[in-house]
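Read through the structure below, which is laid out as C-alpha cells, and then see the notes.
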2 protein chains.
Amino acid sequence: MNPHPDLSSSAARALSEIRRRGAVARVDLVGPLDLSFATVSAATTELMEAALIEETPDTAAPGRGRPRTLLRLRPDALHVAGAKLNDGFITVAVLDFCGDVLATASTDVPKGRIATALLVEQLDRTLHAALRGTALEKGDLAAFGFGLPGFVETESGLCRWSPLLSDAPVNVRDALSARLSCPVVIDNDANLAALAELWFGKGRHETDFLVVTVEHGVGLGIVLDGALFRGARGLGAEFAHMKVQIDGALCRCGQRGCLEAYVADYALAREAGLAVEPGDRDAMLEALARQATEGHEISASIYRRAGRMLGLGLANLVNILDPPLIILSGETIRHHHLLAEEIERTLRANALSIDRPPVRLSVHRWGDQLWAHGAGALALDRLAMAAGDGAEARQAG
Amino acid sequence: MNPHPDLSSSAARALSEIRRRGAVARVDLVGPLDLSFATVSAATTELMEAALIEETPDTAAPGRGRPRTLLRLRPDALHVAGAKLNDGFITVAVLDFCGDVLATASTDVPKGRIATALLVEQLDRTLHAALRGTALEKGDLAAFGFGLPGFVETESGLCRWSPLLSDAPVNVRDALSARLSCPVVIDNDANLAALAELWFGKGRHETDFLVVTVEHGVGLGIVLDGALFRGARGLGAEFAHMKVQIDGALCRCGQRGCLEAYVADYALAREAGLAVEPGDRDAMLEALARQATEGHEISASIYRRAGRMLGLGLANLVNILDPPLIILSGETIRHHHLLAEEIERTLRANALSIDRPPVRLSVHRWGDQLWAHGAGALALDRLAMAAGDGAEARQAG
DNA sequence: CAAATTTAATTTGACTATCGAATTTACTGT
DNA sequence: ACAGTAAATTCGATAGTCAAATTAAATTTG
C-alpha cells in the first residue's frame, strides 16, 4: 500500500529535481545533484522501477552523438488531495503526481468557529464530491494535505489555535487521518501558499523567498534553502503580530500595534465606517474597495495606510532574513493595486540593501482553489520527505 | 601542515559532541549522535589517532561492570587566535583546543574609521604581543578568527561596510590571511558573541537561541539548529535597522525609526543634552548613566525608552523565529539594569506565546576580552566545519 | 577467591551508496 | 559503411555504516 516504496536518498533528490525542471535528461542531473553519472544512473533506474517517472524523447534539435532521453514524472504514479479551510467554506482539490489539478469541490460551512468534528465530516463529504469528478476512490489517495489559519504544529499534527476552530487545541491531523484512512499533513495556510509557490509557482527556480498572503488576515511563509522554515520550535512565523506601531491599534490578539490590526479585513472595516455608507461588514468593505478604486481619497488612504504598515513589516523581515525575493498573494492583493504600490514604496524606503541587488517583489494573484492546490503540494512534499527519510532510516537501521 | 587531517563526518560530529559535553564516555555518544556503538568506536579511534582527544578515567563512583573511560579534548591538540575590532582598540586572544584563553593583548588604534592596511598591521603586532605570553609562535596557529561590526560576508571574506573601516568594501580576510600566513575567518561581531555563547557560554546546551549585544550599536546573532544562521544571502541579520517606529528618529543609516536610532550610544547622547551638563560625548553619556542609576527621573526615562524599543524589536524577532532563549550581553547591558528591566517588560507584553512556555531571557554580562574569545570560537568552528566538509568532499570526490 | 554477572569497548563480516574508469548504446556526419 | 560523438550503463573498488560476536575490566555472589 505504500505509494513510495522506500527510495534511496539520491533517488529522492533526483525526483525532486525532475519535478522542479519538468523534463530533464540524466546528464543534466549530474551537476545540480552533485552526483557522479554512475549514481544518477542508479537513482533514475530506481525511480523507473518504482514507476514514478517515465522516459520521453528529446524534442530539441538533435546534435552529434547519442541523443538524450528526457525523464519526467508519471502523472498517474500516485494521487493526493488537499484542502483549505476558509471562513465559511472548504475547498478541496485532487492532484496527480505532477501536481496538476484533476478535480475540485467546495462546501459551505458555518461562518466563524466550527468544531473539529464538523470540519472532519464536511471535509470527507467534500472530498467525496471532488473524487466523483475523477476515476479515483478515497483508497487511491497517497496522502491528504490540509491547511488552516492559526497556530499549527505540522510535526505533531496539533492545531494550537485557529480563528476558525472552536475546540483548539486539538489534533486535527489525527482526527482527519482516522476519518480518511490515509496519511494526513496539516499546516498553517500561509505555509501552503509558500509550498505552492515553491513547487508550482514563482518560487520554482528559487531556494530562498518569502510568501506573504493578504486575505482576512496576513500570513507569512518562509522558504530557506529550498525548504519551508517553521521557526525554532515548529510553529510558523507569526508575522501578523509583528508590531509596526508601539502602543498602536488594538488587535484581536489583545496586544496593540500588530500588523494585522492595520491590514486585516476587520481592521479595514473599523475605519470604513468613516468613508462609506453604514451597512453590514462585507457590504462596507466592498463599498470601500470600490470607492478606493474609483479614486475616492479617504477610501484610498485607508488602503494606503494598510500597505504602508505591511511594507514596513516586510522591510523588517528583509533586514532579518535577507531574502532575494518576496511573493505577494491573496485575495486582498488581487483587488487593490493601491495596496501593492504602497507596500513596495515603503519596503524600498525601509529595507537596507548594501552594495547588492535589492529584494525583488512579485505580486501573484491567485484565487481560492489554488490554496487547495498548495495543500496538495504539502501532501506531495511530505511524501517526498518520507521517501528521503525512509532511505536514511533504512541506512541507519 | 593541515591541523585536522581530514576527519570522517562521524568523527567530526563526535568531536563537537565531546567538546560540548566536556568529558564523556563512548557509550554516551551513541544516543546523541544516533550512531551504532561500532561506528562510535571507529570515530573515536580516528580522533585518538589524530591526537585530538585523550582518555581519562571516570571519577564517578563505579557501578557494576567494566568502568567507562571518559574522552576529552587534548588542550594542546592545536591552537587558534581571535581578535575583535572596537572603536579605538583591538583585542586579541590566544586559545587552546579546549577554548581556554592562554593569553590576551590589546592595542589602541585611532578612533573612528581606519584603513584595512593599518588594521592588518596592528592586528599582526597585537598578535605577536599576545603570543609572547605563551610558548607559541605565529606558525603554531591553526586558524585566526576576526570579528568587526558592520556587514560582513563570512563566505567570501568580504566586509561590505563597517563603521570602523574607511575603505570598505574590502576583503579583510584575504588581507589578514596574507599577513598572518594562516587561515582566517571573519564575521560580524554579534555573530562572534553568538558563537562564544554556543561553544562556551549559556548556549552550550541549547540548539536555538538569539544573542543580542548592546554596545555602541545593537547586534544580533541567530543560532538555529546548533549553527549560526547568516540569512539567505550570507549577510548577518540587520537587527539594528529594524523599524520600531514608522517615520521615527533619524538613524545614521539615513532611514528613520531604526532600533539603533533609539538604543545606540549616539542615540542616547542625542537626548542626554537635555538631562545632563553639556560636555564631550563620552562625559555626557557617563553622567547620564550615573544620574539614571541614582534615580534621576529624566535620565532614567532615556534608558527606559531605549529598553522599550529594544524589547519591541525582540518581540518581533520572537514572533518570527520563535526561539526558546534570548541572551542579552554587551557593555551597555552590563551597566544599566534599567534597560534590561524595560526590555523584559516590553518583550513579554508584545511577544505571542501560545499555549507554550514563553521565551527565556538571560542577561550575560561580559567584557571586551571575551569578544576575542568568541573570535577564537569562530576559528575553532571553521576548523570543525572544514573537517566535516573535508570528509564529505572526500566521499563525494 | 573463583566463577558468574554486568557493563564497556572492539572486532568481524556483511551491506549499501558512492565513485572513476571502462564499456555499451544510439545517434550524426562524411 | 564507418568514424566520431555524446548519453547512459556496467564494473570493480572503497568508505561508512550496522548487527552480532567477541574481548575487556570491573563488581557481585556462592
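All heavy atoms count here, side chains included; hydrogens, waters and symmetry mates do not. Every chain is numbered from 1 and lettered A, B, ... according to where its sequence line falls, protein lines coming before strand lines.
Without hydrogens or angle criteria, A:H373 side chain to A:G99 main chain gives a donor-acceptor distance under 3.5 Å. For the pair B:T69 (side chain) and B:P57 (backbone), a donor-acceptor distance under 3.5 Å is absent.
Place A:A38 and B:T39 on DNA chain D by their nearest nucleotides, and A:A38 ends up nearer the 5' end. Nearer the 5' end of DNA chain D, as judged by each residue's closest nucleotide, is the contact made by A:G65, out of A:G65 and A:E55.
As rounded to whole Å, 15 Å separates atom C1' of C:dA9 from atom CG of B:L47. Here the P atom of nucleotide C:dC27 and the CG atom of A:D58 are 12 Å apart, to the nearest Å. In this structure, CZ of A:R26 is placed 11 Å from P of D:dT10, rounded to the nearest angstrom. Atom CG in A:L7 sits about 12 Å away from atom P in C:dT18, given to the nearest Å. Atom-to-atom, CG of B:L33 to P of D:dT17 comes out at 11 Å; the value is rounded to the nearest Å. Atom pair A:L29:CG and C:dT18:C1' shows a separation of 16 Å (rounding to whole Å applied). Rounded to whole Å, atom P of D:dA25 lies 16 Å from atom CG of B:L70. D:dC18 atom C1' lies 10 Å from atom CG of B:L35, rounded to whole Å.
Distances were taken from every side-chain heavy atom of A:F37 (C-beta onward) to each of C:dA9, C:dA17, D:dA7; the shortest belongs to D:dA7. When each of D:dA25, C:dT18, D:dT17 is scored by its nearest atom to the side-chain atoms of B:P67, the top-ranked nucleotide is D:dA25. Of the candidates D:dT9, C:dC27, C:dA9, C:dA9 carries the atom nearest the B:R68 side chain, counting heavy atoms from C-beta on. Of the candidate nucleotides C:dT10, D:dA7, C:dA9, C:dA9 has the atom nearest to the side chain of B:A25.
Taking 4.0 angstrom as the limit, A:S10 places none of its side-chain polar atoms (N or O) nearer than this to OP1 or OP2 of C:dA17. At the phosphate of C:dA8, neither OP1 nor OP2 sits under 4.0 Å from any side-chain N or O atom of B:R64. Applying the 4.0 Å criterion to OP1 and OP2 of C:dA9, one finds that B:T69 has a side-chain N or O inside that range.
Between B:N191 atom CG and B:L198 atom CG the span is 11.5 Å, to the nearest 0.5 Å.
One N or O donor and one acceptor, one from the side chain of A:R66 and one from the base of D:dA7, sit under 3.5 Å apart.
Annotation: side chain of A:R173 is not in contact with side chain of A:E153 (no heavy-atom distance under 4.5 Å). Counting heavy atoms from C-beta on, the side chains of A:F146 and A:V152 never come closer than 4.5 Å.
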